[in-house]
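Below is one structure, written out as structure tokens; comments come after it.
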6 protein chains.
Amino acid sequence: MRPSGREVDQIRPVIITRHFTIHAEGSVLVRFGDTKIICTASVEEGVPRFLKGKGQGWITAEYGMLPRATHTRNSREAVNGKQGGRTLEIQRLIARSLRAAVNLDKLGNFTITVDCDVIQADGGTRTASISGASVALADALNKLVVEGKLAMNPMKGHVAAVSVGILNGTPICDLEYVEDSAAETDMNVVMLENGRMVEVQGTAEGKPFTIEELNVMLSMAMKGIEDIIFIQKASLVNG
Amino acid sequence: MRPSGREVDQIRPVIITRHFTIHAEGSVLVRFGDTKIICTASVEEGVPRFLKGKGQGWITAEYGMLPRATHTRNSREAVNGKQGGRTLEIQRLIARSLRAAVNLDKLGNFTITVDCDVIQADGGTRTASISGASVALADALNKLVVEGKLAMNPMKGHVAAVSVGILNGTPICDLEYVEDSAAETDMNVVMLENGRMVEVQGTAEGKPFTIEELNVMLSMAMKGIEDIIFIQKASLVNG
Amino acid sequence: MRPSGREVDQIRPVIITRHFTIHAEGSVLVRFGDTKIICTASVEEGVPRFLKGKGQGWITAEYGMLPRATHTRNSREAVNGKQGGRTLEIQRLIARSLRAAVNLDKLGNFTITVDCDVIQADGGTRTASISGASVALADALNKLVVEGKLAMNPMKGHVAAVSVGILNGTPICDLEYVEDSAAETDMNVVMLENGRMVEVQGTAEGKPFTIEELNVMLSMAMKGIEDIIFIQKASLVNG
Amino acid sequence: MRPSGREVDQIRPVIITRHFTIHAEGSVLVRFGDTKIICTASVEEGVPRFLKGKGQGWITAEYGMLPRATHTRNSREAVNGKQGGRTLEIQRLIARSLRAAVNLDKLGNFTITVDCDVIQADGGTRTASISGASVALADALNKLVVEGKLAMNPMKGHVAAVSVGILNGTPICDLEYVEDSAAETDMNVVMLENGRMVEVQGTAEGKPFTIEELNVMLSMAMKGIEDIIFIQKASLVNG
Amino acid sequence: MRPSGREVDQIRPVIITRHFTIHAEGSVLVRFGDTKIICTASVEEGVPRFLKGKGQGWITAEYGMLPRATHTRNSREAVNGKQGGRTLEIQRLIARSLRAAVNLDKLGNFTITVDCDVIQADGGTRTASISGASVALADALNKLVVEGKLAMNPMKGHVAAVSVGILNGTPICDLEYVEDSAAETDMNVVMLENGRMVEVQGTAEGKPFTIEELNVMLSMAMKGIEDIIFIQKASLVNG
Amino acid sequence: MRPSGREVDQIRPVIITRHFTIHAEGSVLVRFGDTKIICTASVEEGVPRFLKGKGQGWITAEYGMLPRATHTRNSREAVNGKQGGRTLEIQRLIARSLRAAVNLDKLGNFTITVDCDVIQADGGTRTASISGASVALADALNKLVVEGKLAMNPMKGHVAAVSVGILNGTPICDLEYVEDSAAETDMNVVMLENGRMVEVQGTAEGKPFTIEELNVMLSMAMKGIEDIIFIQKASLVNG
């Protein structure tokens, strides 16, 4: 029995609130249960130096967490003087995932920076970040089309992510914090709308896993991601 | 005529939402018009080294801004590797203001860290931070009383702040961004519930000011702060 | 009775020694009693990026303190790897104050960097820095005129500063260290030669202050600054 | 046809040279083809603060690359003033992988720091690091046993890793640099001697992958890792 | 003919002003011609961790330069976020030189930090620093004796330093800036009062030198240092 | 009697292995007894900003040490966030020494960066670095000639270095670690093939030295360097 009463393969209630802040070209508050993240997509003209003259745009991401987004207060990275290893790992994952969903050759001379800032954490912040950022990115790209700066939206489809894991020998989907901290294995899966996978990152926290367990987790993740993509699409119905 | 249609001495709509996030001992979303800030108060046992054995508690503050809280994206301080001068100045001001409202000798062996994170900026973020943080602090201190860790709440009263300025020769209260960026003079005033002042920081951005102008601005600030303290009190009516 | 035997509204002996070092375009040793600061003004061609093509010059400032300028040794900021919050706050104040005294539109394509380095501290280092820097700046600007690089000196007049405070309930002017560390309230005032104020920064260290106390402090500061400006002018009589 | 003439599922020649340097408790030069890495295991008494009093030891890892280990020179991280995101990601992976192979409860009050320094890079540096570090760790742990500091070696078995990927639609094992830089998908698999998986990290660089492709890659990786574990074991035959 | 009209083996006028600032236990302004440096010696109880329980004291040094001590302004190291290589090299040299002049076993449980801050530079700042610091150190040690904290002064004798070099083929002593920047070879020599050498650092800037040239430079340096030690002694005649 | 059984003026076995790694234009493993260093020379087009348009090339150097190159593990400088003072001092010395051996006016528009990374330390790492780097540099320069990018090799001759010192009153050459850590005086000498000296850095660690001792050490160093240059030349006989 899960603390939330969910089925083993059931994701938490996912709520995507668009236009959450007023300045960004795309701005979303994404909630996976008690995990809440502000995802903004900011458009700037120009591309990084290593892409100059290559005729493509770029998408990058940064991730942060408010110091008291968690049970006990974490020190502020700006005070520490650097982003931690976990932060860098997550923001690299977010950026790769978003780039996989966009035809960069059709993005013109634009760089889009996606900021995912966790204001309340209850497990799965990286997968919620990707799922929310996909919608913020879609809004920012649509704005470029509406403003006539791009001929068409270069997004190939939605991208979403979910965590799966094995807890007390049972595979479960979309772990909340108390589940995550006790799980033997934790896996994050990022998938495109077309069912192809972008990232699979499985880590045995306690007990290494078999290939059979891996396959059960993958199936569970694919189902969960399909549910999230449905919610992403629904959120975009109104302009 | 002000962009918002406000009177010259009228503050923006101030909304204080308590229990905004679930982990912090005090957690407030404060809105001054379009300025929105999450203020959390985190309680930790122990005091900084310079206070060890002195029989008093401590209150400190940190300030941050999400990269896209503003019209154009600012670089993330954690990426820059340090907090900027403006940030340090603001968080020192917030901390001093809150300490002035609390009897530190009655705070026991606790340190309270207040985090003010701007999620949307439209001028007056430092004064809104102080005004929201005062309520988050009150909640955290009340929690210590309820839990029996403190005999009574050591807060002497509310502390609130507002900005005043001179725009086109006219003194105005609680400047929003378009006013602030065009003002000749900008002054931040922090005041206690008893009418005594904690901080007065007037800066001539463009044209230096006379002592008469200073006094008009001070009167305007005192009136504005009284209005904010009324709203702080109202927000605390329900537990 | 003050430790120095001064009247409550009497500033310390202020001595301004010009041409203190040989390389800088303007170089002053300023003494406010036992506070001693080297203020140099360095002229460089060009302006910061954000001013390119705007047809104006720029003035910036940096502040430092030798490790043993104080009673006990402070760690060196270059060793710490960053300037502290207090340092950043002071150098931002110095720069704003100096810019208020200069018509930047008439400064041409020059940036002037003022360095204020405290070699001995006894309270009031920020106000002494501003008062000394004003003379160093005047010298550097005159040099540009003499060399034919500017048609006329763009300085609107002197700028000077003094601290005032309340100690044991009594307002006093130009606090030395033992007074400053015991004062209930500390206020720094920066004023132009024409009597207009550039900065007013009042902070209740211990006991918040009333508006009446604020006004007494302001009057005292204005008188003190007039005395300092007299000394600035006298120091410039000889070339 | 692969550049090296290898079969698609064939790993490169793996050579493990023990006792490569004289000071470390475990010291290995590992070669995967032209990739060469020095792996040292250093034993120190004591554990990190978060483990004090928990009755277990700790294993951590650091990763570096000589500036000219690669085709063009990379800047030195010590000069940059920080480790890059890729470095942090890799060293976290190495440490997790090694910890999964050791019974930390039987490690006593010791911390073992494994350093993996790439002196020549030709793809697969993270998987070669793990495979070499496993042997260096075994040597260091054996030394503790020989010296009577541990009753028995707490290692559960070898841990090894290999990369697999899809290049031009064909799955291949143990990619060298020219293959890696052109691959559509890159996956790193870390496995224990008992066939259980510790880490699976698949990333679609170019084209997202299907679950069928994932399974082919996994099978290939399992076979490759078995070959590497055979070589690890052989290397330990002589003391 | 030297710019100053000096003989080839003649040092610049050296003036040592003791008690230059009021807070430090030892405080000296040392002038070698137009090079001016404030040297302070600060006494603190306790020793660095690596000396705990070894029954000896410690002497360390830090070096800095005001940004406009030089012809053109140098950036401030505290702003750069680190001390440069030249600074670190110089302060290590100063510290080693001073330690060589003191019997650390007789220094008790004290650490003395010597700060050498260049306020005006005209060549030879490291040698002037050592020569001035020796006197500041003597004053600080005498103070410990006078206060009864040490039974006797642990200084073995003065230590002084001078630069020598080869300019246009001619060896010269105590180079000023214009000489130094044109010299083929630059050598710094640090010597004790008893004629023994502590440091010899010769560097061929342009043209490598012969052993004969080295010996001429050494003789010249020894004579110059004797002159400086005479001035150090004279400066200490009055208390 | 020396631990290795060497004569007092005898250097350790010096072995220079060229083409040690495959990517760098010059790559050498240099061994002085148990001291082992990888020296690579990397060629890049262009020169640093301060040399633009001056018609000369540039040579720079960086130095590092693997964390476990030493008896006990040193923390990694990339983790510390900066290079230490000793590292900066050594890499500045290496760079100056190499530049003294090359006619920079004939180096064209190239910058050569030499990396010296110590993989095993047993004393004399800076002198071994210089001696090995000279050969790596020669190889890189020859490659530029062979590729037709330079008309002729701009190297004036070999440059080599050795340490000498006084141990228990006896001068000895090429100190290994146990000797170095006990020596009263340590001196590093860098010399060109033509017998002229580039650097002489003598430091009294314990007991200051006389000029007679200095001269004995210099003679010993010159002989040792001649032996090293013989080995450098021999190593270059085959292409």
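Keep in mind that what you see is a predicted model, and the values were worked out from it rather than measured. Chain letters run A, B, ... following the sequence lines, proteins first and then strands; every chain starts at 1.
When heavy atoms are compared at a cutoff of 4.5 Å, B/Arg99 does not approach chain C at all.
Counting heavy-atom pairs under 4.5 Å between each of C/Gln91, C/Arg86, C/Glu213 and chain B puts C/Arg86 at the top. No other option in C/Gly202, C/Ala204, C/Gly84, C/Ser97 has as many heavy-atom pairs under 4.5 Å with chain B as C/Gly202. Interface check for chain C: of the options B/Met197, B/Gln83, B/Gln201, the most heavy-atom pairs under 4.5 Å are formed by B/Met197. Between chain C and the options B/Val200, B/Leu88, B/Asn215, B/Leu214, heavy-atom pairs under 4.5 Å are most frequent for B/Val200.
When the heavy atoms of residues 163-192 of chain B are compared with those of chain C, the residues falling under 4.5 Å are B/Leu192, listed by number.
Remark: of the listed residues C/Thr125, C/Asp117, C/Asp115, C/Thr125 is the sole one forming a side chain to side chain donor-acceptor pair (under 3.5 Å) with C/Tyr63.
The shortest side-chain heavy-atom distance between B/Ile130 and B/Leu93 falls under the 4.5 Å cut-off. Side-chain contact check for C/Ile94 versus C/Cys116: some heavy-atom pair is nearer than 4.5 Å.
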Residues B/Glu193, B/Gln232; criterion side-chain contact (heavy atoms from CB on, under 4.5 Å); working and verdict: CA-CA 10 Å; B/Glu193 197 175 338; B/Gln232 289 176 324; over 6 Å; no
Quick one, C/Ile59 with C/Leu107, criterion side-chain contact (heavy atoms from CB on, under 4.5 Å). Give me CA distance, side-chain angles, the key distance, then yes/no. CA-CA 9 Å; C/Ile59 295 170; C/Leu107 179 52; 4.0 Å; yes
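Closest heavy-atom contact between C/Arg96 and B/Glu89: NH1-OE2, 4.4 Å. Of all heavy-atom pairs spanning C/Val198 and C/Ala100, the tightest one is CG1-CB, 3.6 Å. The minimum heavy-atom distance linking B/Lys106 with B/Leu150 is given by the pair O-CD2, 3.8 Å.
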